[in-house]
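What follows is a single structure, written as structure tokens, with notes after it.
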Amino acid sequence: MGRPTTAARLRVGVARFTSCGGCQLTLAGLHEALLAVADRVDIVEFAEVLSPRSSGPYDLLLVEGSVSTPDQARRISELRRQARLLVTIGACATTGGIQALRNWSDGDAWRAAVYPQPQFIHALRTSTPISEHVTVDALLRGCPIDPGQLAELVTALLVGRRAQLLDATVCMECKARGTVCLISSQGAPCLGPVTKSGCGAICPAFGRACYGCFGPAHPANVEALKAQFADQGRSDEEIGRLFAGFTANAPAFRANARPPLAVLDQPPVGPEPAARISHGFPGVPPLTASGDDDARQ
Amino acid sequence: MHGSDLPGGGAAGPGSGDGRSGSAAPELRFEVEELTRVEGEGSLRLRMRGDEVVEARLNIFEAPRYFEQLVRGRTPDEVIDIVARICGICPVAYQMSAVHAFEDLFGVQVDPEVRRLRRLFYCGEWLESHALHVYLLHAPDFLGYDSAVAMARDLRPLVERGLRLRRAGDAIIAAIGGRPIHPVSVRVGGFSRAPRRTELAALRPLLEQALDDAVATVRLAATFETPAMERVARLVSMRHPDEYPYNEGHIVSSDGLDIELPAWRDAFSEYQVEGSNALYARASDGSAYLLGPSARIALAATQLHPLARRELEATGLADEIAANIFRSVVARGVELVHAAAEALELVEAYRPPDAALVPWTARPGTAAWATEAPRGLLFHRYELDERGRIAEAQIVPPTSQNQAAIEADLRVFAPSVLRLSHVEAQRRLEQLVRSYDPCISCATHFLDLTVEEA
Amino acid sequence: MPGTAEATVSFLARADLDELIQALRAGGRRLIGPTVSDGAIVYDEIQQAAELPHGWGDEQGPGHYRLTRRDDERTFGFVVGPTSWKRFTFPPTVPLWRARRDGTEVSFESAEPEPAPLAFLGVRGCELAALGVQDRVLRDGPFADADFRARRANALIVAVECTTSASTCFCTSMGTGPEVRAGYDLRLTELDEGFLLDAASDAGTAILQRLPVRAATDAEQARASTAVAAVREELGDPVMTDGLRDRLLANLDSPGWASVAERCLTCANCTLVCPTCFCTSVGQASDLDGLDSTAERHWDSCFTPGFARVAGGGDFRARPQDRYRQWLTHKFATWVDQFGTFGCVGCGRCIAWCPVGIDVRQELAAIAPPPESAARSTGVREARFVVRATAPAREPLVQAQASPAPAPVAPAGTGLDFLPAVVRSSFPETADTLTLVLGDVDPAILAARPGQFVMVERPAFPAVPISISRLSEVHLDLTIRAAGFATAELTGLGPGEGVGLRGPLGRGWPIEAAVGRDVVIVAGGIGLAPLRPLVDRVLSERERFGAVRLYVGARTPRDRLFGLDISEWGTRDDVEFAETVDRAGAEWLGRVGVVTHLFDTAEWDGSQAVAFVCGPERMMQAAAATLLARGLAPERVYVTMERHMECGVGLCGHCQLGGFFVCKDGPVFSLAELGDAFGREGL
């Protein structure tokens with residue numbers, strides 16, 4: 001009960017797994033605000049910007065990237081132990097990313113390699129989100145994440161309030177912006193109605209359909225939208241490719257994702273996604289609204 | 001080969017004693033297990049016996065993501081979205097190399113304003129990428145700090161300048177592409193939406209400031225003390241008769257190569273090195289070569305914007321830039337000036353295109369092209385089938401191509417750090433690697449991983 | 001003065017249309033009108049007549065909208081597009097107040113709306129009605145939205161009668177068009193050669209006088225009427241609105257809800273294109289330290305997943321079908337209870353812009369079908385829902401006033417503005433609940449009635465509704481459970497720290513109804529907090545009431561509130577007091593069991609008693625059932641409902657329960673009032 005102590009400076013770290021690096025770059029993409037944040041917290045680990053590495057502990061650990069090697073699976077468990085709050089950022093960390101499409105493929109082509117020396121990559125058969133390995137405390141979606149949402153998360157943590165992340169669909173942001181809906185006016189296969197808000201509805205504002213890089217909304221009535229696309233003349237193959245994108249591995253999309261190279265005709269192998277989004281911990285409510293539980297669909 | 005003129009100091013590394021060479025001399029190892037202030041995950045391994053470099057390796061162990069597999073069966077527009085995700089710092093470069101390759105195969109002519117918008121787009125990426133490198137990743141090495149955050153405590157206005165330059169670059173990309181990372185509007189045939197004149201005009205104040213900041217950057221970079229190292233490398237870049245190279249031109253080299261962009265494979269090839277997850281590249285004669293700002297300045301300086309040329313000349317370092325990779329920071333500064341100056345002109349002259357997007361039809365065949373990413377030449381090649389879908393892909397990023405050069409430089413430079421403390425030597429070696437502005441995410445995108453059972 | 005048949009009708013030649021445009025823009029007014037953009041006709045700022053969509057038309061159907069090229073150059077040859085005038089009267093984001101913290105001091109400043117004067121060109125009959133509906137919701141109630149009121153007052157309306165229609169229109173059924181009858185400054189009807197114009201206000205007349213018009217001929221007027229009448233004929237009467245409210249509310253358990261939910265994406269598009277939907281949320285934009293924060297109002301939608309969620313995680317409309325039912329029944333039934341009109345004006349936008357083409361006309365016909373005798377197929381596409389070929393003449397849905405009279409505004413401190421108060425002391429009640437004693441409280445708030453609540457705000461935090469748990473001449477007690485960040489922030493405050501209060505809000509306990517009668521008070525858990533001021537009042541005027549019975553329950557002994565008060569109540573001989581806990585260890589010597597056990601077998605006669613109940617909803621349902629079984633009349637059993645509240649004054653839409661706004665119609669309700677709304681799942 002009561003406010004979090006703000007006397008000690010928060011120790012903040014940024015850890016990277018399998019990714020393009022764009023989401024942690026969004027931290028640098030706060031531009032001058034990055035310095036304002038650095039004034040108030042100790043950024044103890046952010047390897048792309050800082051030299052020394054730290055082994056923790058962290059008050060806030062931002063994790064980018066998916067788990068795609070055995071070494072990474074071990075490392076995330078260690079990091080979890082060191083972090084008071086672990087927040088995954090980006091489509092790779094929250095759903096497995098575009099590289100998760102390999103989860104659909106035949107094992108022979110993508111066999112995990114086993115090498116005796118630790119510097120060699122032991123690539124796992126699958127690319128999986130962080131939440132399949134450890135409990136995460138909050139997540140920021142997107143490919144990449146939205147800088148406004150990142151700023152809000154950091155502000156919320158410093159102020160001691162809940163992070164205000166819009167829990168709606170891309171449609172809400174599109175309409176707020178005044179963009180004309182591409183589905184009704186063009187018959188475009190836009191995933192906006194089943195995609196979680198957060199990006200500000202960039203794609204329709206720039207004349208192209210949403211491709212779901214923020215992952216599924218909750219709920220996401222994908223079947224109904226698929227039926228509509230089919231009515232509008234889209235082939236099954238095209239619809240399957242549409243869901244086989246950057247968040248293909250998210251539960252609401254994965255059953256409908258058909259990557260072109262898939263040889264399995266069913267959803268990919270891999271452990272059932274565990275309900276691994278924490279609902280806060282004693283004395284501190286969850287950092288974001290509880291609609292972020294991917295598994296509770 | 002020049003030795004180091006750094007002040008000797010501190011104990012030399014373990015076992016190097018009097019530095020005598022010969023088989024009796026014990027082996028010295030420098031290992032940086034995880035390079036920092038570079039994009040991506042790599043490690044450095046150097047083994048010396050006396051003055052002799054036994055092994056110099058940049059190990060890239062970042063997990064591969066298999067992009068050349070992921071794009072198979074996709075349409076050209078899907079490929080444009082997917083390849084951006086190879087890199088968070090240079091998504092524009094990937095989109096530009098891909099889109100030009102497809103348009104070349106399909107015979108698509110874009111609106112002239114679209115062509116200029118694409119140059120402006122690239123100016124934006126060079127601004128944000130070079131500024132990131134110079135100020136956040138590299139400058140701390142020269143100014144004696146461990147990180148930009150530490151540097152900001154003493155030299156805040158300096159770091160703010162770097163962040164301002166990034167903001168200007170990001171703003172250009174967002175105005176044209178919707179967001180600075182993984183822009184959304186690049187399509188075969190142009191852009192899904194062209195900005196309004198007012199939207200680009202709004203960038204003017206940011207760009208005017210960016211030009212001032214870029215000039216200050218060159219001048220600052222020219223004052224940095226760098227180890228006097230020299231290695232005559234083969235330099236490779238694009239060159240165009242009328243403009244500084246971004247999206248069009250020929251591939252040229254310091255030793256007379258001049259080929260069309262799609263013909264990269266005629267002069268270069270990729271090969272695999274055991275233990276690294278990134279493919280290397282070499283010229284047809286097996287030699288290493290260097291890409292990036294230093295190469296571009298050396299080969300195409302005549303096409304720099306006059307303001308950038310003037311700044312380059314004022315530094316008096318043009319020759320050093322070609323020979324000493326530590327001077328790449330000056331080259332980046334000059335290119336920042338170029339990008340800001342050209343961006344201002346493009347914004348000024350902009351008129352929305354008649355056709356932001358022209359119609360096109362896919363054709364089967366080979367689509368190949370190269371563009372100049374901030375870090376150097378980025379080559380894409382796609383085989384398309386009868387349905388216009390990707391059958392095979394080859395993507396060769398600049399950092400992969402630079403790996404051999406990095407290791408060659410390490411071999412030249414390493415003896416000069418022997419007499420320093422181990423910590424200091426490691427720092428210098430990392431600084432050398434950083435001079436290449438390596439983008440390791442880019443380098444590890446591929447799949448052709450040979451699987452060996454233990 | 002509303003336009004009537006006797007008003008002079010003028011004629012403006014097509015070539016002179018730009019004169020009208022410039023006259024509308026005179027004096028710095030921004031003119032918003034229809035224009036072609038991105039494949040649709042949207043409302044945007046225009047500066048010359050050339051920017052209007054001459055020669056453009058539209059073709060609309062469920063989930064379908066296409067621009068078409070007309071074979072003439074008509075300027076208004078289309079109907080409504082994806083934007084509505086709501087965008088300009090009720091924009092997506094509006095600042096509400098600024099909150100600052102300096103040490104322990106807090107200060108609040110409500111935003112002063114200063115909207116630029118606007119002119120709306122091309123307002124259709126249905127849209128005029130929508131403005132009128134918005135007036136009733138946002139301006140004419142006990143609390144007004146200041147920003148809406150200012151924008152509305154500053155907007156000049158140029159209405160246009162429809163001479164074409166889309167297959168999605170049903171203004172005829174809703175009584176909103178196609179004729180334009182009232183609520184405009186200027187009205188336009190288009191003919192091939194020009195426009196008929198008349199003015200219905202001074203502002204409209206002033207504009208008309210500047211235009212090169214002549215009197216319209218009788219023939220011209222007749223042609224205009226005929227054109228509009230033809231549209232009426234085209235549309236028929238697709239929705240049987242007679243008795244619709246009752247039919248819908250009688251079908252809350254229809255299988256049709258689950259059926260439409262199979263297709264519904266809960267994407268919120270329908271609510272966002274709707275010209276009358278008004279649900280909003282409040283967000284905080286603050287600096288990194290939380291010292292300077294602006295609260296902003298954003299468009300929200302009852303379809304969003306967290307819309308009906310309360311602190312602690314309960315969600316009153318968890319299923320998509322609950323949310324769809326909320327929207328449809330609000331639009332066509334409970335809106336009538338709340339505001340006296342339907343919420344829907346028949347513009348058809350929700351049909352065209354639903355990505356999967358759900359058609360409300362069809363859903364109404366399926367879920368609340370009209371009596372058999374009235375249904376008739378006319379062979380038109382989607383014939384299932386065509387009810388009658390011709391809509392009967394109706395009174396206009398809403399008489400929108402072009403220049404509205406200023407509505408009474410609740411005085412500062414009693415509803416809309418935050419006033420600072422200071423924490424004097426705090427008293428932990430349980431592990432997660434704490435009572436703050438506030439001083440320096442504005443007298444208007446201290447004058448609160450028992451059962452009322454206040455919105456409590458700390459800079460950079462959302463405002464939360466907290467019941468007042470004690471009133472005195474100089475102090476106000478708030479008993480707060482730390483269920484989320486905002487309440488945790490409040491329970492962490494120490495003496496001297498400031499908070500903002502807005503209120504007193506809501507309807508309190510109707511104590512007068514209990515005068516002369518026996519009083520039964522049932523409290524569960526933190527439900528005792530809003531009841532304590534009632535107990536204080538009753539005991540301070542003890543002689544006015546009959547027997548006073550007070551039953552208090554808590555989960556465990558450690559969850560008991562107000563230990564001192566309980567001791568005192570237990571020792572009074574003029575109060576029958578009993579308490580219980582749901583479960584306890586050996587150290588508890590009192591009763592164990594649910595609170596209803598304290599009185600379910602008691603012997604007193606409840607037929608004339610008045611009961612006041614507060615606690616978790618399930619506890620209240622059990623208590624209510626027991627009290628009714630004991631003979632109390634439902635109009636004399638009062639409960640206090642909890643719903644998600646963001647504004648506390650009936651404007652944000654979150655707290656709706658059936659036809660009620662819990663914040664302003666409640667939170668206290670009698671069971672008779674609530675009826676079916678009490679205890680119905682997913683309402």
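Not measured: the values here are computed from a predicted model. Every chain is numbered from 1 and lettered A, B, ... according to where its sequence line falls, protein lines coming before strand lines.
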Does [Y] offer a backbone N or O that forms a donor-acceptor pair with the side chain of [X] under 3.5 Å?
X	Y	answer
C/E489	A/G160	no
A/N221	C/C264	yes
A/R161	C/A460	yes

Proximity breakdown for [X] and chain A, heavy-atom pairs closer than 4.5 Å:
X	value
C/R481	neither
C/V42	side chain
C/P320	side chain
C/T271	neither
C/A486	neither
C/E262	backbone

- For A/R241, which residues count as a salt bridge (Lys or Arg N to Asp or Glu O under 4.0 Å) partner, sequence neighbours excluded? A/E237, B/E78
- Query: Among C/L265, C/D287, C/T83, C/D58, which has the most heavy-atom pairs under 4.5 Å with chain A?
  - Reply: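 Of the candidates given, the most pairs with chain A belong to C/L265.
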- Mind ranking C/S286, C/P462, C/C354, C/P82 by heavy-atom pairs under 4.5 Å with chain A and telling me who comes out on top? C/S286
Hey, could you give me the [atom1]/[atom2] distance between [X] and [Y], rounded to the nearest 0.5 Å?
X	Y	atom1	atom2	answer
A/I183	C/N269	CD1	CG	7.5 Å
C/S84	A/K175	OG	NZ	11.0 Å
C/L272	A/T169	CG	OG1	7.5 Å
A/H218	C/T304	NE2	OG1	14.0 Å
C/S281	A/Q164	OG	CD	10.0 Å
A/T155	C/L288	OG1	CG	4.5 Å

- Please flag which part of A/V222 lies under 4.5 Å from any non-hydrogen atom of chain C: side chain, backbone, both or neither.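 It is neither, since no heavy atom gets under 4.5 Å.
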- Name the region of A/Q186, side chain, backbone, both or neither, that has any atom closer than 4.5 Å to a heavy atom of chain C. backbone
- Spell out the residues in residues 294-301 of chain C that have some non-hydrogen atom less than 4.5 Å away from a non-hydrogen atom of chain A, in order of number; otherwise answer 'none'. C/W299, C/D300, C/S301
[X] to [Y] - nearest heavy-atom pair and separation:
X	Y	answer
C/G39	A/S185	O-CB, 4.2 Å
C/Q284	A/E152	O-OE1, 4.4 Å
C/R87	A/A176	NH2-O, 2.6 Å

- Task: Assess whether side-chain hydrogen bond (donor to acceptor under 3.5 Å, both in side chains) is satisfied between C/R66 and A/S184, documenting all intermediate values.
- Result: CA-CA 8 Å; C/R66 292 292 185 279; A/S184 290; over 6 Å; no
- Message: With a 4.5 Å cut-off on side-chain heavy atoms, are A/D167 and C/R309 touching?
- Response: yes
- Query: Heavy atoms, side chains only, cut-off 4.5 Å: are C/D289 and A/V159 in contact?
  - Reply: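 Answer no - side chains too far apart.
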Would the number of heavy atoms belonging to other residues, nucleotides or ligands and lying under 6.0 Å from [atom1] of [X] be above 12?
X	atom1	answer
A/D231	CG	yes
A/D39	CG	yes
A/R177	CZ	yes

